Amino acid sequence: MSIAIFVILAALEILLAVRTCVVRPDKKAWRRDRLVVRAIEVGIIVLCLAFCPQAWRFVPVLLLLAILFVIAAIGMLLRRNKQGGHKKGAGAVAACLLSILAVCLFMMPAFLFTGYSGLPVTGEHEIARTSAILVDSSRTDPFEKDGSYREVPVHFYYPADGTEQYPLVVFSHGAFGYYESNTSTYMELASNGYVVVALDHPHHAFFAEDTEGKTVIVDTEFISTALNLGSIEDKQAQLTFYKEWMKLRTGDMNFAVDEIKAAVQAGAADDSWFIKGKEGENIQAALAMTDISRIGLMGHSMGGATSVELGRERDDIAAVIDIDGTMLGEYTGVENGELLVREDPYTVPVLDMCNWKSYNDNQDYIAAGFPYPNVVVIGHAAEGFSLGIRDSEHMDFTDLPMFSPTLGKMLGSGER
């Protein structure tokens, strides 16, 4: 769709240039033709905004074309009484090429992102959504310089037509992901009778919103360290980063679970909940149908590691799912230049889902007796399961390859 629209816009520019070179109209007539073409282009994009899924992708090019239309209209009005000779073909061709280049640049969001708006769900329930921000007055945010408290956005997906209490699933996104990274997962679960709470981990999330309405962008130092961790040969330095990341994230998830349980038990959210406007009624509805006696933890990548570690720390967790994440919290120290992995039993039922290469690597680790944490945890779990998805890569466990195939391929997407 995006390419077809670009081709139409480019064709209009080319037709104008060809007409100018062949007919050689005077400048007044050319300015009129220019304005007509701009009006048609704006109309095409307006139709896209009205009928195309994920229409926000076309907003940048609409702004560009609207500005160009206004410039063309002003130019025509200011020179309405001037003929000024004939429009030169070279100038028309140059204007055509510049316009096509500008349109191409401003259509990048439309090229990079698809019209994906979610997968069909299999459950019988309609799905409702609501959000709040939890403010943890017991922790300061290590990324903030003003000593402000740590804030944890929580996003609920729950049966809109629910008439009973449903199990709670708390989800943690991966490094520089964000809460919507696995929306299809939340929607599927909610449609089948679960209350899902997707967390944002501010400064670890690509972006999040704080209580002042400001957008909190991912910390650049965190991105750099996470991407280059494999080049750090000092295992003690690696372990220090792992512990720092897990402390922050498990603190977020632990606080969220505690606050949700307290609100369900009290029948109302306390002062730690920052709730916008009428969302309070929706939060109350979601909490009313949350069964805190059945809690599962789940996450992708670093979020999976967070879930596994918190599953060890709490005694109220019924099950844990790690989606393609190395269980970083299982590293306990360094000996002889190698990371040590804890070997005490994992008492919570745990499922380790992984991409195809990781799954096969795990089989090699098992054969060689190498202490990779996921292998050790599953081997020492009361109920431990491994699931490898054939022909999959890391980002295939999120919605990104459907939302943006280009970015999915760049970050790791296979055939599944």
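Bear in mind the structure is a predicted one, so any value in this text is a computation, not a measurement.
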Subject >> salt bridge (charged side-chain N to carboxylate O under 4.0 Å, His left out) partners of Asp316, counting only residues at least two apart >> reply: Lys261, Arg314
**OP:** Considering non-hydrogen atoms only, spot the tightest contact between Ala132 and Ile275 and give its length.
**Re:** CB-CG1, 3.9 Å
Original post:
Taking the six-membered ring for Trp, is the centroid-to-centroid distance between Phe171 and Tyr186 below 6.0 Å?
Top reply: yes
**OP:** Verify the distance criterion only: is there a donor paired with an acceptor across the side chains of Asn355 and Ser358 at less than 3.5 Å?
**Re:** yes
Original post:
Under 3.5 Å, is there a donor-acceptor pair linking the side chains of Glu180 and His155?
Top reply: no
Subject >> Polar contact flag, side-chain donor to acceptor under 3.5 angstrom, Glu188-Thr122 >> reply: yes
**OP:** May I ask you to check whether Thr250 and Glu309 show a side-chain donor-acceptor distance below 3.5 Å?
**Re:** no
Original post:
Do you see a donor-acceptor pair shorter than 3.5 Å between the side chains of Trp356 and Ser392?
Top reply: no
**OP:** Quick one: sort the His204 and Trp245 rings into parallel, tilted or perpendicular, breaks at 30° and 60°.
**Re:** perpendicular
Using distance only, find each side-chain donor-acceptor pair of residues 93-102 under 3.5 Å and give its atom names and separation, not counting sequence neighbours.
| unit_1 | atom_1 | unit_2 | atom_2 | d |
| --- | --- | --- | --- | --- |
| Ser99 | OG | Arg38 | NH2 | 3.1 |
| Ser99 | OG | Ala95 | O | 2.9 |

**OP:** Could you tell me the separation between the CD1 atom of Ile323 and the CD1 atom of Ile321, rounded to the nearest 0.5 Å?
**Re:** 6.5 Å
Subject >> Check against salt bridge (charged side-chain N to carboxylate O under 4.0 Å, His left out), Arg312 and Glu330 >> reply: CA-CA 10 Å; Arg312 275 198 184 275; Glu330 294 298 301; 2.9 Å; yes
**OP:** Kindly give the heavy-atom pair with the smallest separation between His173 and Tyr179, and that separation in Å.
**Re:** CD2-N, 4.0 Å
Subject >> Nearest non-hydrogen partners of Pro153 and Glu209, listed with the distance >> reply: CG-O, 3.7 Å
Original post:
Between the side chains of Asp252 and His201, is a donor N or O closer than 3.5 angstrom to an acceptor N or O?
Top reply: yes
**OP:** Could you verify whether a donor N or O on one side chain and an acceptor N or O on the other, from Thr398 and Asn182, lie under 3.5 Å apart?
**Re:** no
**OP:** Answer yes if the side chains of His394 and Asp324 hold a donor-acceptor pair under 3.5 Å, and no otherwise.
**Re:** yes
Subject >> Gap between atom CG of Asp399 and atom OG1 of Thr183 - 0.5 Å precision >> reply: 5.5 Å
Original post:
Are Glu151 and Thr211 close enough that a side-chain donor and a side-chain acceptor fall under 3.5 Å?
Top reply: yes
Subject >> salt bridge (charged side-chain N to carboxylate O under 4.0 Å, His left out) assessment of Asp141 paired with Arg150 >> reply: CA-CA 4 Å; Asp141 193 321; Arg150 179 69 176 170; 3.0 Å; yes
Original post:
Counting only heavy atoms not in Phe206, do more than 12 fall under 6.0 Å of its CZ?
Top reply: no
